[in-house]
Enquirer: 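Okay, here's the structure, questions in a sec.
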Amino acid sequence: MQVFFNDISENTNSLTLEKLLLDKNLADKTGIAVAINDFVILKTKWAETPIKENDKILVITASAGG
């Protein structure tokens, strides 16, 4: 299915947010926030959050500094 990952259109076979993040080596990364279609998804909900056609998935990485 096609999704938009950080504004880039791509195809995925992942059916859950957790699987998609595992495929991208991001699931174990600390300091990230994930939203689907402008709704933040808690890390505890990643495994049960389905991915649907044309979802807009945004991953933001926290950085230190000012």
Side-chain angles (χ1 to χ4, degrees):
M1 87 181 87
Q2 183 172 350
V3 298
F4 296 88
F5 190 85
N6 286 350
D7 293 326
I8 298 172
S9 176
E10 62 181 66
N11 289 312
T12 183
N13 292 323
S14 300
L15 298 178
T16 66
L17 179 58
E18 181 179 61
K19 176 68 172 116
L20 178 66
L21 295 174
L22 282 168
D23 291 347
K24 294 188 164 293
N25 297 317
L26 293 171
D28 294 329
K29 190 170 181 177
T30 59
I32 65 170
V34 182
I36 297 178
N37 301 323
D38 298 324
F39 291 97
V40 175
I41 309 297
L42 298 175
K43 188 171 187 173
T44 57
K45 301 291 184 186
W46 289 357
E48 62 193 61
T49 301
I51 300 291
K52 298 179 187 115
E53 184 79 22
N54 294 314
D55 272 350
K56 293 175 178 62
I57 301 157
L58 178 64
V59 176
I60 300 170
T61 304
S63 63

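Just so we're clear, the structure is a prediction, and the values are computed from it rather than from any experiment.
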Enquirer: Transitive ILVMFWY cluster of Ile60 at side-chain heavy atoms under 4.5 Å: who else is in it?
Expert: Leu58
Enquirer: If hydrophobic clusters are built from ILVMFWY residues whose side chains come within less than 4.5 Å, do Ile32 and Ile41 share one?
Expert: yes
Enquirer: Check whether Met1 and Leu20 end up in the same hydrophobic cluster, where Ile, Leu, Val, Met, Phe, Trp and Tyr are linked by side-chain heavy atoms less than 4.5 Å apart.
Expert: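 Yes, Met1 and Leu20 fall within the same hydrophobic cluster.
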Enquirer: Determine which pairs satisfy side chain to side chain donor-acceptor pair (under 3.5 Å) with at least one residue from residues 3-18, sequence neighbours left out, and list them in order.
Expert: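 Non-adjacent pairs meeting side chain to side chain donor-acceptor pair (under 3.5 Å): Gln2-Ser9, Glu10-Lys24, Thr12-Ser14, Ser14-Asp23.
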Enquirer: Given a cutoff of under 4.5 Å between side-chain heavy atoms of I, L, V, M, F, W and Y, with clusters grown through shared members, what are the other residues clustered with Phe39?
Expert: none
Enquirer: Rounded to the nearest 0.5 Å, what's the gap from CG on Leu42 to CG on Leu17? Could you check?
Expert: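 One gets 11.0 Å once the value is rounded to the nearest 0.5 Å.
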Enquirer: Just to verify, what does Lys29 make a salt bridge (charged side-chain N to carboxylate O under 4.0 Å, His left out) with, not counting sequence neighbours?
Expert: none
Enquirer: Can you list every side chain to side chain donor-acceptor pair (under 3.5 Å) pair that touches residues 46-57, not counting sequence neighbours?
Expert: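 Output for this query lists Asn37-Asp55.
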Enquirer: In this structure, would Val3 and Val40 fall into the same cluster of hydrophobic residues linked by side-chain contacts under 4.5 Å?
Expert: no
Enquirer: Run the side chain to side chain contact (heavy atoms under 4.5 Å, CB included) test against Ile8 and tell me which residues pass, sequence neighbours left out.
Expert: none
Enquirer: Applying the 4.5 Å side-chain criterion to the ILVMFWY set and letting contacts propagate, would Val59 and Leu22 be lumped into a single cluster?
Expert: no
Enquirer: Side-chain contact, heavy-atom cut-off 4.5 Å: Val34 with Lys43?
Expert: no
